[in-house]
A.B. asks: 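Dropping the structure in here first, questions after.
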Amino acid sequence: MSKNKDQNKLWGGRFSEATDAFVQRFTASVDFDRRLFQQDINGSLAHAKMLAKAGILSADEETQILDGLEAIRQDILDDNFEWSIELEDVHMNIESALTARIGDIGKKLHTGRSRNDQVATDIRLFVRDEIDQIAELITKLQSALCGVAEKEAATIMPGFTHLQTAQPVSFGHHMMAWYEMLGRDYSRLLDCRKRVNLSPLGAAALAGTTYPIDRNFTAQQLGFDAPTRNSLDSVSDRDFAIELASFASLLMTHLSRFSEELVLWTSAQFNFINLPDRFCTGSSIMPQKKNPDVPELIRGKTGRVHGHLISLLTLMKSQPLAYNKDNQEDKEPLFDLIDTVKDCLFAYSEMMPAVECNKAEMYAAAKQGYATATDLADYLVKKGMPFRDAHEVVGKSVAFGIEQSKDLAELSLDELKTFSDLIGDDIFEVLTLEGSIGARDHIGGTAPNQVLAAVAVAKADLAQR
Ligand code: ARG
């Protein structure tokens, strides 16, 4: 291992030899945590203002520090900032740049603060802002689903259990099932936000600080709801990241379910829907192919997000209080899961309004597989037969239909009557697909008017957000 002679550290005082070059590279996080530069600067601005308010910095020192930090922000935005791996992380890169720019006054910024509370503050600020963006993307997708559901409230498709035709349902109703899953994801996300939006700043290294700091002031400056309440916990807690990863894992599980359905539905065997060409790709060898790559990839990306949840849980497992360098490993999974979730939600919100239903194919598929058998049983029950007996009668009718290669609705009244003389000619409207879905006319049912009612409730909810 080679030695790095060019020491430029903010913590070099007690060291007599330079950091090994490998160790320098191995321990540095600047390549990824520079993504937190806005939050880092905002945190430092709040801290400097608080130090001035507490009389720890003079008004002139405060102004120089604030101006210096804003100038650094601009340099970074202009791509006019040299990130240095010797300075390890985003925090020390910015602090060094400040001192280089304004001189020794820059060295006062870190009074009463540690990188431990600094990084915890930065990540919380970052996660909070990302939560707000993810929440907006979920809302956008939910409102797209409402649009499809409204348009397709009376579009009939087979509903499945065990992926076998079960009962006819409205395509709009199916869309609103996805809407519900996303609604729960949304509420989990906002719940997580409450625990994210607390300020660890002031916990310093782990025990708090001897300066007369004002933690309420910095919390308020940064838009946090309150300061955190225990300094040891403040610098070591990454529960909020795990909660976000857990939210994201479940959201991705939901998107993987939608994706699986889109992949099935676009296949020649189902042919229920068309995805717009711009969301598909071709095959380099098979000219006829149009592949649903976007849903497939979203299904696949579920794996990396689930992996990040496990990474973060494992990262925290058995960590003694308080801060440990392990925590530096929180950022890459966190960043990647956030980026992945945002991309997938964006893709869905663009794709769904452009989905075209092949109504005739869906209708024909719903007619196969005796999807209205339960309706026949319910009909017999309404005429006085106990449900178990009706189940038996309909089972026999279906077996007969299979033998004759006929759907229940295609059997003659005489044929049907051989199974029960309770059957009259009012049976035929019951056995139609329209009759079947229309009869499920209660809250949460698939009747088109119920789907429209669910959409109306959903739109009102979305408007409240
Ligand atoms: N880069 C570090 C991290 O991401 C910052 C905090 C480092 N603190 C320390 N005492 N080494 O966690």
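What you are looking at is a predicted structure, and each value in this text was computed from that prediction instead of being measured. First listed ligand is number 1; within each ligand, the first listed atom is number 1.
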A.B. asks: Mind checking what makes side chain to side chain contact (heavy atoms under 4.5 Å, CB included) contact with Thr281, not counting sequence neighbours?
C.D. replies: Asn291, Asp293

A.B. asks: Using a 4.0 Å heavy-atom cut-off, say whether Gln118 meets ligand 1 through its side chain, its backbone, both or neither.
C.D. replies: neither

A.B. asks: Taking the inter-plane angle between the rings of His174 and Phe171 on a 0 to 90° scale, is it parallel (under 30°), tilted (30 to 60°) or perpendicular (over 60°)?
C.D. replies: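 Because their plane-to-plane angle is under 30°, the rings of His174 and Phe171 count as parallel.
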
A.B. asks: I'd like to know if Asp233 pairs up with Arg229 as an ion pair, taking the criterion as any Lys NZ or Arg NE/NH1/NH2 lying under 4.0 Å from an Asp or Glu carboxylate oxygen.
C.D. replies: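 Salt bridge absent between Asp233 and Arg229.
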
A.B. asks: Which residue and atom name correspond to the protein heavy atom nearest atom 4 (O) of ligand 1, and how close is it?
C.D. replies: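 Nearest protein contact, heavy atoms only, for atom 4 (O) of ligand 1 is Lys331 NZ, 2.5 Å.
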
A.B. asks: Would you please classify the geometry between the Phe160 ring and the Phe272 ring as parallel, tilted or perpendicular, with 30° and 60° separating the classes?
C.D. replies: parallel

A.B. asks: In terms of residue, atom name and distance, what is the protein heavy atom nearest to atom 11 (N) of ligand 1?
C.D. replies: Arg115 NH2, 3.4 Å

A.B. asks: N/O to N/O below 3.5 Å, does that happen between Asn327 and ligand 1?
C.D. replies: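 Looking only at distances, the answer is no, because the N/O contact criterion of under 3.5 Å is not met.
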
A.B. asks: What residue and heavy atom of the protein are closest to atom 1 (N) of ligand 1, and at what distance?
C.D. replies: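 For this ligand atom, the closest protein heavy atom is Gln328 OE1, 2.8 Å.
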
A.B. asks: Of the backbone atoms (N, CA, C, O) and the side-chain heavy atoms from C-beta on, which set of His91 has a member under 4.0 Å from an atom of ligand 1: side chain, backbone, both, or neither?
C.D. replies: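 Answer for His91: side chain.
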
A.B. asks: For salt bridge (charged side-chain N to carboxylate O under 4.0 Å, His left out), just list the numbers for Lys107 and Glu95, CA-CA rounded to whole Å, side-chain angles, deciding distance to a tenth of an Å, and then say yes or no.
C.D. replies: CA-CA 8 Å; Lys107 295 182 182 170; Glu95 195 191 319; over 6 Å; no

A.B. asks: Can you find an N/O atom of Ser29 closer than 3.5 Å to an N/O atom of ligand 1?
C.D. replies: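 Such a contact does occur with ligand 1.
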
A.B. asks: Kindly confirm or rule out an N or O of Asn116 lying under 3.5 angstrom from an N or O of ligand 1.
C.D. replies: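 So ligand 1 has an N or O lying under 3.5 Å from an N or O of Asn116.
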
A.B. asks: Note the single closest protein heavy atom to atom 3 (C) of ligand 1, along with its residue, its atom name and the distance in Å.
C.D. replies: Tyr323 OH, 3.2 Å

A.B. asks: Considering only the protein, which heavy-atom contact is closest to atom 5 (C) of ligand 1, and what is its distance?
C.D. replies: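 Protein heavy atom with the smallest distance to atom 5 (C) of ligand 1: Asp89 OD2, 3.5 Å.
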
A.B. asks: Decide, yes or no, whether a salt bridge links Arg101 with Asp75 under the criterion of side-chain N to carboxylate O below 4.0 Å.
C.D. replies: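 Salt bridge flag = yes for Asp75 with Arg101.
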
A.B. asks: Do Glu88 and Lys325 meet the salt-bridge criterion of a basic N to acidic O distance under 4.0 Å?
C.D. replies: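 A salt bridge is present here (some side-chain N lies under 4.0 Å from a carboxylate O).
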
